[in-house]
Each structure stands twice: as C-alpha cells, then as structure tokens.
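Reviewing the structure listed below.
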Amino acid sequence: MTDTAAAPKKSGGIRDLGKMFGGGQSSLRQFGILGALIVIILFFEVATGGQTLKPGNVINIVNQNAYVLILAIGMVMVIIAGHIDLSVGSVAAFTGIVVAIAMNRGGLPWWLGVLIGLGIGAVVGAWQGFWVAYVGVPAFIVTLAGMLIFRGANQFIGNATTEPVKDDVFLQIGGGYLPDPDLGLPYNVPTLILGLVAVALVVFAEFRGRARRRKVGAEAVPLWVSLVKVVLLAAVILFAAFLFAGGRVGTSFPIPGVILVALVVIYAFVTNNTVTGRHIYSVGGNWHAAELSGVKIKRINFFVMMNMSILAAVAGMVFISRSAASGPGDGTSWELDAIAAVFIGGAAVSGGIGTVIGSIVGGLVIAVLNNGLQLLGVSSDRVQIIKGLVLLLAVGIDVWSKRSGGRSIIARFSRPKKVSATDDNMTYPLNRPLVEPGDSAESSSRPSSTTPNA
Amino acid sequence: MVDAPFILEMRGITKRFPGVIALDDVTLRVRAGEIHSICGENGAGKSTLMKVLSGVYGYGTYEGDIVWEGEVARFRDIRQSEAAGIVIIHQELALIPELSITENIFLGNEPKTPFGSIDWSTARLRARELLQRVGLRDDPDTQIKNIGVGKQQLVEIAKALNKNVKLLILDEPTAALNENDSQHLLGLIRDLRDKGVTSIMISHKLNEIEAISNSITIIRDGHTVESLDVKADGVDEDRIIRGMVGRTLENRFPEHDGSGIGDVFFEVRNWTVQHPLTTERLVAKNSHFTVRRGEVVGFAGLMGAGRTELAMSIFGQSYGTVLSGEIYKDGQEIKVPNVAAAIKHGIAYVSEDRKALGLNLLDDIKTSVVSAKLSKIAPAGVVDDLQEREISENYRKELRIKTPTVDEGVNKLSGGNQQKVVLAKWMFTDPDLLILDEPTRGIDVGAKTEIYGIIRKLAESGAGVILISSELPELLGVADRIYTIFEGTITSEIRAKDADPETLMKSMTSDKKKDAA
Ligand SMILES: Nc1ncnc2c1ncn2[C@@H]1O[C@H](COP(=O)(O)OP(=O)(O)OP(=O)(O)O)[C@@H](O)[C@H]1O
Ligand SMILES: [Mg+2]
C-alpha cells in the first residue's frame, strides 16, 4: 500500500479542542453555539457600555428566564424522542392557578402546594403520555389539544382572574436568593462557596475521568487539553460566582437559578449516562431498530411526555412565585420559546439528536438577546423580528454546514494533511478523522428505504 | 468490445471526507455498450466513486475530471447527471415507502395532461409496462412499504428504465435478490446492453460478475488496483479475489465435521403466524423445527417464503400475530411475548435490513454495539461508558471492523462494516440462539469468510445458530442441517452434507407433495 492515503497527525490541536466537549457526535455543534453565546454576550457588553455583565442585570437574566430554561430541559427530551409538546405553557398556567388557589383560599402550607403542583404535572403528563404512547395519536395533536384544554382549565378554575400568592416560603421559590449573612465582605459568601464547590467538582470529574480512561487503556485526551478545559471552565464559573455575589445587598445567586442548575445536572446525567436516556435517543433515531433491540418504546414515549408536564408544572410554580400571582395569561407562548431554545441548541426536527446542555445554551442565547436588545432600548416588536431571524439563522447555518460535505465550520480550518502513519491492527494506513464530522443522518447522502418515525 | 470508444473516463478522482480520503487518484474507463464491474472490499470506495460520478457528491466536492461522452462533465447534482443519461440505483434503495409503485417510478418525472396536472392513467399504464419489463407482477398501486426489499429493487430498476438512460449504475443490485430474481435481473442488464445501454455494476457476488461483465476495475482502499478485460485476461473468481484482497483465499467455508453438536435445546412446535395486514394470509403454517447446541441450522427458501417472518415471530412476536404454537428451550416451554423477553431468553435476531431495522444510524459504533443489552453494563441503570468503550473496542478488533475509532458514527461506515457492528451488537447479548437473516448480504468475500468463521466459533461455544440465506452455496458450506421453506410451510429437512443445490431448490419451490413422497 502506498502511504499517500490520508492519515492525519494523531493529535491535531483543533481535534483535541473538540474533545473538550466530550468528542461525541454533537459536541462540535455545541462548541459552535457556545461560541455564538459568548460573542453575543461580548457584543452587548460593549454595545451597552458595560451594562450587560453588571451583577444586577445578570441576576435579572436568570430570574426572567429560569422557567423557560426549565421547560427547555423537558422539551429537548421530547424532541429527541421525535415528538413535540405545545401544551407546556398552558400546563404551567393550569398548575399555577390550582396551586395559588389551594394555598391562598385553601390555606394549604407551601410544601403541600408544591406537592399538589407536581402531582398535577404528573397527572396531566400521564394523560398526554397515554394518548401519545398507548393510543398512538401524534404528540403534536395531543398537545395542541392540551394547549386548549389546560388554558381553558386555567381560566375556568381561576374565573379568568388573577389569584395572588402570599406564602412567604413559596415566594422564595421564584423570588428568593441564597442567604446573605453580613460578614463585612463586598461579596455574598454562600454564592462564592457554591462557585468554589462547582469548580472543585469540575476538576474532580475531569481528573477522575482521565484516571478511569487510563485504567482501561482508552485513548486519553492530552493533559494540556484537560488543563485548558478545567482552567477555562473554572474561570467562567468563578467569574459568574463573583458577578452573582457582587450584586446589591440582599441579592445573590437566585433560587430559580439553583433549581435550574440542579435540574440541568440531573437531566444531563439522565440523558447521557442512563439506560433510559439511551433509550430516548434510540426511539427518536430509529424506533424500528429500537423495538427490535428490546426497547419498550411505549414506556419511553409515555415517560418523556409525562416528564415534560412535570417540568412544566415546576416552571409554572417558579413563575407564580416570582410574580406573586397566577393569572389567566400566564405561560402564553412559552412553548415557542422552549422549542426555539432546543433547536438553536442543535436538536434535529426529525428526532434522535439534541442535548440538555445545548438547549440551555440555546435558551441563554435567546435570553441574552432579549435582555441586550431591551437594554439598548430596542422596541419589543423589533426584538421579536430579531429573535425570529436568529432562530432561522442558527438552524440554517447548521443545515448548510452539514450539507457542504458534513464539515462544521471548525473542521474547515483543519484540512487533513498527508502524513503517513501505520496503525496497530490494520493492514493499511488508517483514515483517522481530525474532527468528529458534523452529525446526523441529514448530512448523509445515503437515502434510507424507510422513514423510521412515520 | 475492446475497440469500442470510451463513453466515460474518470481521471484522478480524489474524494475526501472530514479526515478520511475515501478515493485517492482513482481512474475508471468504461467503454460504450459494455457491462463494467467494480470490485473491492467493503469500504474500498466503490459506492463513493459512483456517487461522485452521479453528482450525489457534486462538482467541486472532489478533485479530478469526469469525461462523459468526450466532454468534461461537471454534475452539480443528480438531476444534471440524469439529464446527461446517467442513472444510479443506490445500494440503499431510495423509494418512498408510503407512496405506490407508480408514484415512486414517476416521482419528479410525472407525465402531465395538457392542463398540467399529473396524468395518472398514462402513468399507471407506463408503470405496468415497466414492471413487466423487470418481471414484477404486482399491482402498480401497491404501496412500496407492502412489498419486500427484493421487489423494491425491481421497482428501482423500472424507475431507472423510465428515464432516458445511457449509463446505468447499479450498486449491489442483486444483494437482496434470490437466485432466480438475480438471474432475471442480470438477463435484464444484458438485454439493456444489447440495446446500447452501458452499465456499471458493483457487486460482491463474484460469480455474477464473472458471468456478466466485459471488464472489471478493482479498487482497494481508495486506489485503483487494476483494470481487467474479462475475455482477454481470462478472468475468473479467484483472479478477482486476488486483485481485491491481494492474496488468494484458500477455504471460503470453515471446516466442520459435526463433532461438537449437542442435544436439541430449542424447539418450536405448531407455529402458525398470521400476516399483520391481510389476516387470511398465513406466513407460517404449523411449523416445527429444532436446533441443537453447537449446530448451525440453515433456512432455505425463496424470497417471500416466510423465513424472515418465521424468525421475527419467534423473536418476541415482532412480526404478525402468532395464532398457535409453543417454544421450548432446554425442555421447558418459554413465553416470548416481546423482544425484551426474547433477549432475556437468549434469543438474538440479526435483521436482513440493517439500515431500517438493525441500527440507529445516528448512533456511533460503541453505542450501537451495547444497545441490545445495556443492562449488562449498566447495573444500576447508569451506563458504564468505559466498559462500553472497552467492549466495543474488543469487538472492533475481533470482527475487524474497518474504522479509525469506535466513536465513529455508524452512518459513516461502509455496508459490510455496518453489518459487523450489527453482529457485534447481538453477540454482546450472549445469545443461546442466534438467528442470522441474510448476514452476508452486500459483504465482500474476505469479510464473508470472516463472518462464517464467527458463526462457527459461536456454534462451537455452545450456541445454536439459525442461518437464513438465499445463497445456497453459503447454506451448504456453513450449515449442519437445512430446512427448506415454501410459502410458509417447512417442506423438508436435510443434513447439509447430504444436500445439493438441486434437491434444495426442488423443496424450496414446491409444496408438500414432494414432502409426502
Ligand atoms: N459520508 C461519509 N463521511 C465519512 N466517511 C465516509 C462517508 N461515506 C463513506 N465514507 C468512508 O469512505 C470509505 C468508502 O466507502 P464506500 O461506501 O464507498 O465503500 P464501498 O466500497 O461502497 O463499500 P461496501 O462494499 O461495503 O458498500 C469508507 O471508509 C467509508 O467509511
Ligand atoms: Mg457500497
């Protein structure tokens, strides 16, 4: 065999950078969206003359968007499984009014209110999951119906009026902050501690991962990549911690942010590392194959729909807590924000692709855009136009970069070089990819003879 | 043929994918009016070369020149190449399952009435005509999803015939066809040649290549190895193999003398299965068969005989409705109402349609390998990613899956390597009974031999194997015992060493009369 075949260097710098995000099929896309988020933040930071990254504003962004981001977590799982949920705004509003009335008129304690809220989410989710999974009605229809049903139910129960929420503890859920003991420091100490704990966890996870990989002799990421990754992440976390800790007295990292972070950690773990998570991806990717691999498809579909409604209930409660009232118009068009976040975050309309982290980043792109444009005094009509264009652009770039040979933008900078190399168990020079190619079947020009989710 | 002018010259074609050079300076010359075959191992770059030629990978995404009818062609997409008279039939069929045969044939090419609407009556008439030419008797209004893969292939060819084709490219056209239909198709291609249509054919069935081609180009690892003139160079199968793998293959089938065969451990009785759509149709009638430990049992039958249906109905009733029947394993009756139960009972089924039923094409290799028995590496519901990597890495080495890493997406693999991933996926479930449905379809000679070896090894380790195959030599070479199936009925049972293609064929094509005699 001649050695002219492509055998790029074993550890090209850019390829290793890609590994920072796990090196999976969709890691590069997330890389790109994260880059876009940073660019947008920097742009507004400059354009608003430093207003964007003021503590007060950052806290504001978290408070105003936590509920949509919570929805995005559930939505990405629904979309990965090949469905959609249009009812989340109505379900959130319905939950909100019932919880508000139960506490306000029924005099129930806050924790019972929360339990009732979660219970409503579960029941509504079971209802919708039943139709989707066991009857086989498309989720689009089931949740379109749910959108009408639960919006109506909200207004029916609440008499189309606003119900105040007064319970002090419950009000903390959406409006509270980490405690702020007066230690004579210009920073909120619990927030800083939280930041340090997060940094410690990141460092621990990275090096434990390295050690484990080394143990089985898996191809390890070069040490410098790990270091750069850890240092970057730690810098971002600490920067954020100081931002949140440095706000007005009495404010710090908001409770909705705590809830959000907890949910993100849990669900990122579930989708990445558990059997259930794998099954969700397989159902969305090719349900025929999933079924023939022993996956209980109905159960998975039921689960994602039910889970979505429970998260919608959480979002609804965070919202009524923050606004100290539940009204008939709560949650209007939240589903659209959540869906937009998921797609900006790299999910595929046809299912099987998407990540929790990506969706959160996608949601943050929308959030920062909203906030920055408001700070610049752009009117809401124009903000909507810009948001629409951003959604189109984000997904458009994605589709385009995949069509042009499956090369992501980053991959364009890393053309394979002609270097000869031999590989262990192969009889010829191997074609080792420099970067994981942009993912998904859409990029594959191989037509398949059946459509899986028809 | 030797002196006919070149209708096509591909010069110095290089095609890169991110980090992979699939084709490196490949040259292909095809003479007008010949049948030109392209041979090479799985992943050699055959399909990629044809995709470059047909504009699937358009001008600008590859290097080199395509000279078509004496002029440099720059096809940006399939439409442009089709306009020039080049029609490709892909390895993976590109029909729309929900549409009828007629609609698929005329998709994008619909006959119009004077008012500009689609002229369905003309279309249907033309369709019937075209179907006749390819020897398909089905109603042109049948939905594609309701006909088998084999018939779909014929529809693809009918579709190509409908276009004004000068060069017909067939990427493994007979992979999914049985003997008769293959012969039929090859005859068709010869007819077309006599009418002036040039064909390029990719196939792993070397006997067919030898029989039909005028010339052969051999590709290995993205390079042209050689071009042969079949007559002048006296090419035979062994010659082709030598070009493909760089050496001669001694024993294509592994040795087996039946010494390791144990007792019957798996038995199916009175198995009757109803077709899922047409309830009066029975796809398995009162079937009874047994499998011994360490034994490879062959299922022979024509396309549509019900072998796949029988296998799938046993595999957790994943096909049709089981009307009656029992399954015994190790003397105990077992119930397998769903796939999960089947896997738990140690039954594994490797589907004949790896793209649609065997794999999630969005997954990477390591995810696919462990997907049928995740619980094995996920004790508390949490997947151990290191074990996943280790296990899939081992299978990559053991089965010689040609890929740089197990992180590669399965959609990036060539057909044969995808099949090995599917095999690994089911070997990972530690099956007692492994059902292989056409496991070597579209697989090169070298890899076939490897897969036969794997099958034998599995059997020697004490598992029972059911091998469904349309290639009689394969059944005779690998199986210990063979059942023949005709229209849902098991018509005979015979030891492989007592069998020959003729007797098998007889039982495969006639019902019980022969059986009773
Ligand atoms: N879209 C793609 N992205 C990256 N690599 C690809 C892509 N398509 C094909 N390849 C790689 O190019 C090489 C050639 O693939 P190709 O499908 O042409 O093989 P083939 O000769 O047709 O094999 P088979 O006989 O199995 O069909 C393989 O190594 C394959 O992995
Ligand atoms: Mg091919």
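Naming: A, B, ... by sequence-line order, numbering from 1 per chain.
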Q. Given the rule in the ring pair (Phe, Tyr, Trp, His ring centres under 6.0 Å) test, do B:Tyr319 and B:Tyr349 qualify, once you have shown the distances and angles that lead to the verdict?
A. CA-CA 12 Å; B:Tyr319 181 92; B:Tyr349 170 71; over 10 Å; no
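Looking at B:Ile343, the atoms closer than 4.5 Å to chain A (heavy atoms on both sides) all sit in the side chain, from C-beta outward. Contact of A:Tyr281 with chain B is made through the backbone alone, with heavy-atom distances under 4.5 Å. Using a 4.5 Å cut-off between heavy atoms, B:Lys373 does not touch chain A at all. Residue contact with chain A, scored on non-hydrogen atoms closer than 4.5 Å, involves the side chain of B:Val370 exclusively.
There is no side-chain donor-acceptor pair under 3.5 Å between B:Asp25 and B:His223.
Comment: B:Lys51 does not engage B:Asp171 in a salt bridge, judged by the lack of any side-chain N to carboxylate O separation of less than 4.0 angstrom.
Atoms CD1 and CG, on B:Ile147 and B:Leu154 in that order, are 8.0 Å from each other to the nearest 0.5 Å.
When each of B:Val383, B:Leu359, B:Ile377 is scored by its heavy-atom pairs under 4.5 Å with chain A, the top score falls to B:Val383. Contacts with chain B were tallied for A:Gly352, A:Ala289, A:Ala290, A:Gly294; A:Ala289 has the most, counting heavy-atom pairs under 4.5 Å.
A cation-pi arrangement, defined by a distance under 6.0 Å to the six-membered ring centre and an angle within 45 degrees of its axis, is present between B:Lys15 and B:Phe17.
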